[in-house]
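Notes for the one structure printed next.
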Amino acid sequence: MEEKSGVIVIHQMRLHRCDGCLAACRPDRRVARNKHIITRSNHLKRARRVPYTPLKENHVMANMPTLPTPPDTDAPPMPWFGMDIGGTLTKLVYFEPRETNRREIDKETEILKNIRRYLTRNSAYGKTGRRDVHLQMDNVTIRGRRGTLHFIRFPTSEVGSFLQLARSKGMATLLNTIYATGGGAYKFEEDFIKEVNMRLSKLDELDALITGVQFIDSMNPHECYYWEPNPDSATDNDSPPYLEPCLSQYVRKPFDFSSPYPFLLVNIGSGVSMLVVSSPYDYCRVSGTSLGGGTFLGLCCLLTGCSSFEEAIALAASGDNTTVDKLVRDIYGGDYERFGLRGDLVASSFGNMCSADRRAKVSREDLARATLVTITNNIGSIARLCASNQNIQRVVFCGNFLRVNPLSMKLLSYAMSYWSKGALKALFLEHEGYFGAVGCLLHYDSKNDKQNCTDSAQTDR
Ligand SMILES: Nc1ncnc2c1ncn2[C@@H]1O[C@H](COP(=O)(O)OP(=O)(O)O)[C@@H](O)[C@H]1O
Ligand SMILES: CC(C)(COP(=O)(O)O)[C@@H](O)C(=O)NCCC(=O)O
């Protein structure tokens, strides 16, 4: 750990970018492809910077007329997947090509057809797997192929069931390697080999995250957005920022993210990582906190007896944290004027729960709301400190904690703007928690398809 211009730097990592690792890489660059992939043993070392053409110049925006891109004839056979096995959720991104070329039609097996049909015709898989149909992206170009990205998630605790399903669908006969990231790519590596004879080619989760963010943003003009109080609504300046009268005034607006650098990327997954992204090819992790989405869900389950994230969010949406939290006015009887602390600000999260009387009266909804406000505000405070220490104005929040959670997004928007006196802007991304998996998909490499591996094994013999 070191201190740099007031910021505690815990793990400093530089984004590596090999010339060939991105989806739209040119065939003549592919020779250099795996040279710089960060492995487990070296991923904490600062990676060498390599020349790299920024994504925006390489990728075609979905809504713009494009010149036909010649298909990449060396590309691996379908199916193409990217996987992020996180602390709570596993994210799977599947690319479905729009057209199948003759070579593929000839080679397409019943197994591949069945897998395609199974993935794209369903939106639920077993009890817990879900396809986020609303996030589906049509007209995406990867390695010269046009197609659709499908976004699928399931709890990481169900990896075993996923492997059984993969085996029953015959996936291993088509693929022997999947690009994967997240802690689970290490933890479950052996299980993938044992259960389905599939190797995981592991990518660093923060590299994959940033690659995914840049790619999706370049493909989706509506990816980035922010929340702002509607100028037409009657402003209620007296309403505390964390209660409905204030929050209900916020409306969602698109943000033009075409010149984003530098920005702070705050990934709120089970835990939280904060990265300063200085250019398309340069980032470092400046901070993090263990109080993240996992903490919210864990505490909510303990305090309210709820059993899912959706239930916890629904409870929080109808609760009131002021019965649980001690406010400035509970301590001062009003504002703490000298330091500009309004009486309705939270002075001490859960501070009222020291009282047995108050505990006896508190509702599940109020406890859920206080948990959400506590976790969200803490992340907001750390993000704000990091951004101001680094002289950054744009703070981009992502991760599945923000899924179906406009309350936290509005709270973060309010906190960023209020505490920085309007200098900081909170931004959000539509594909919330899927960027790591997308980063993996973009790494898809012809070396790892079944055919090529078999060929090289034969050559070795
Ligand atoms: N269906 C869900 N089940 C569990 N947690 C969810 C769900 N949807 C959103 N979340 C929230 O998202 C967090 C996980 O976010 P994610 O970005 O997927 O991180 P990770 O990679 O650590 O799994 C959870 O801790 C929880 O707060
Ligand atoms: C270890 C992690 C990178 C794992 O990522 P996750 O599965 O939570 O998305 C993340 O949980 C994290 O950064 N935790 C905070 C550690 C800290 O800085 O205190």
Side-chain angles (χ1 to χ4, degrees), residues 1 7-13 40 43-44 82-93 124-132 135 151-159 180-188 202-210 212-213 265-275 283-301 306-316 368 371-372 374-376 378-379 382-383 385-386 397-409 428-429 431-440:
M1 201 197 298
V7 177
I8 309 265
V9 178
I10 299 172
H11 303 307
Q12 184 149 29
M13 291 183 264
R40 191 175 202 186
H43 80 287
L44 292 180
M83 200 172 199
D84 175 2
I85 312 176
T88 307
L89 294 174
T90 295
K91 283 74 65 179
L92 187 70
V93 177
Y125 313 95
K127 284 199 183 107
T128 54
R130 294 289 175 273
R131 181 158 63 92
D132 283 315
L135 296 181
F151 298 88
I152 297 163
R153 64 184 152 83
F154 58 87
T156 298
S157 54
E158 297 293 323
V159 161
T181 191
Y186 297 91
K187 186 172 164 191
F188 298 108
K202 299 182 289 300
L203 304 177
D204 177 82
E205 66 175 283
L206 300 182
D207 282 1
L209 170 73
I210 301 216
V213 167
L265 183 62
V266 180
N267 184 40
I268 318 178
S270 307
V272 185
S273 279
M274 300 193 187
L275 321 172
Y283 79 83
C284 58
R285 184 182 188 278
V286 288
S287 193
T289 169
S290 61
L291 305 185
T295 321
F296 164 69
L297 188 50
L299 286 178
C300 257
C301 291
C306 72
S307 53
S308 72
F309 180 74
E310 288 76 5
E311 193 187 346
I313 291 291
L315 286 170
T371 311
L372 191 87
T374 300
I375 296 299
T376 305
N378 185 57
I379 294 168
I382 300 171
L385 280 175
C386 289
F397 293 92
C398 64
N400 276 321
F401 172 65
L402 299 174
R403 230 195 99 239
V404 294
N405 186 4
L407 189 52
S408 287
M409 290 192 269
F428 303 93
L429 299 172
H431 287 83
E432 290 139 356
Y434 280 107
F435 300 106
V438 171
C440 285

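Here the structure is a predicted model, which means the values were calculated and not measured. Whatever order the structure lists ligands and atoms in, that order sets their numbers, starting from 1.
- Set against the non-hydrogen atoms of Gly87, the atoms of ligand 1 under 4.0 Å away are 20 (P), 21 (O), 22 (O), 23 (O).
- Side chains of Ser290 and Thr295 form no contact here, defined as non-hydrogen atoms less than 4.5 Å apart.
- Between Gly269 and ligand 2, no N or O atom pair is found at a separation short of 3.5 Å.
- The shell of residues lying under 4.0 angstrom from ligand 1, judged by heavy atoms, includes Lys91.
- Note: an N/O pair closer than 3.5 Å links Gly293 and ligand 1 by distance alone.
- With a 4.0 Å cut-off on non-hydrogen atoms, Leu206 does not touch ligand 2 at all.
- Contact annotation for Thr88 and ligand 2: no heavy atom of the residue comes within less than 4.0 Å of the ligand.
- The two residues Ile379 and Gly292 have their closest heavy-atom pair at CD1-CA, 4.4 Å.
- At under 3.5 Å, a nitrogen or oxygen of Glu205, whether backbone or side chain, sits near a nitrogen or oxygen of ligand 2.
- Checking only distances, Gly399 never comes within under 3.5 Å of ligand 1, N or O to N or O.
- Taking any N or O of Gly294, backbone or side chain, at least one lies under 3.5 Å from an N or O belonging to ligand 1.
- For the pair Ile85/Lys187, no side-chain contact is recorded, criterion being any heavy-atom separation below 4.5 Å from C-beta on.
- At least one N or O atom of Gly271, backbone or side chain, sits closer than 3.5 Å to an N or O atom of ligand 2.
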Step-by-step side-chain contact (heavy atoms from CB on, under 4.5 Å) determination, Thr374 to Leu299: CA-CA 11 Å; Thr374 300; Leu299 286 178; over 6 Å; no
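- Counting only heavy atoms from C-beta outward, the side chains of Ile382 and Leu291 never approach each other to under 4.5 Å.
- Side-chain contact between Phe296 and Thr376 is absent, with no heavy atoms from C-beta onward closer than 4.5 Å.
- Which parts of ligand 1 touch Leu297 is read off a 4.0 Å heavy-atom cut-off, strictly below it: atoms 4 (C), 5 (N).
- Ser273 places a side-chain heavy atom less than 4.5 Å from the side chain of Leu206.
- In summary, the atoms of ligand 2 found under 4.0 Å from a heavy atom of Gly87, numbered by their order in the structure, are 7 (O).
- Between Cys398 and Leu265 the shortest heavy-atom distance is SG-CD1, 3.9 Å.
- Not a single heavy atom of Gly182 sits closer than 4.0 Å to an atom of ligand 2.
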Phe154 and Val159: CA distance, side-chain angles, deciding distance, side-chain contact (heavy atoms from CB on, under 4.5 Å) verdict: CA-CA 8 Å; Phe154 58 87; Val159 161; 4.2 Å; yes
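- Heavy atoms of Arg285 found under 4.0 angstrom from ligand 2 belong exclusively to the side chain.
- When non-hydrogen atoms are compared, ligand 1 lies under 4.0 Å from the backbone of Leu89 as well as from its side chain.
- Residue contact check: Arg403 has heavy atoms under 4.0 Å from atoms 1 (N), 2 (C), 7 (C), 8 (N), 9 (C) of ligand 1.
- The shortest heavy-atom distance from Glu310 to ligand 1 is under 4.0 Å.
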Full working for side-chain contact (heavy atoms from CB on, under 4.5 Å) between Ile210 and Phe435: CA-CA 7 Å; Ile210 301 216; Phe435 300 106; over 6 Å; no
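- Aromatic ring pairs are classed by plane angle as parallel below 30°, tilted from 30° to 60° and perpendicular above 60°; the pair Phe151 and His431 is tilted.
- Ligand 1 lies nowhere less than 4.0 angstrom from a heavy atom belonging to Phe296.
- At least one N or O atom of Phe401, backbone or side chain, sits closer than 3.5 Å to an N or O atom of ligand 1.
- Residue-to-ligand polar distances keep Asp84 apart from ligand 1: every N/O pair is separated by 3.5 Å or more.
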Test log, rule side-chain contact (heavy atoms from CB on, under 4.5 Å), inputs Val438 and Lys91: CA-CA 9 Å; Val438 171; Lys91 283 74 65 179; over 6 Å; no
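- In this structure, the side chains of Met409 and Phe397 stay at 4.5 Å or more apart for every pair of heavy atoms.
- Ranking protein heavy atoms by distance to atom 22 (O) of ligand 1, first place goes to Ser270 OG, 2.5 Å.
- For the residue pair Asn400/Tyr434, the side-chain donor-acceptor check at 3.5 Å is not satisfied.
- Between Thr88 and ligand 1, an N or O atom pair is found at a separation short of 3.5 Å.
- When only non-hydrogen protein atoms are considered, atom 17 (O) of ligand 1 lies nearest to Asn400 N, 2.9 Å.
- At the top of the distance list for atom 19 (O) of ligand 1, counting protein heavy atoms only, stands Gly269 CA, 3.2 Å.
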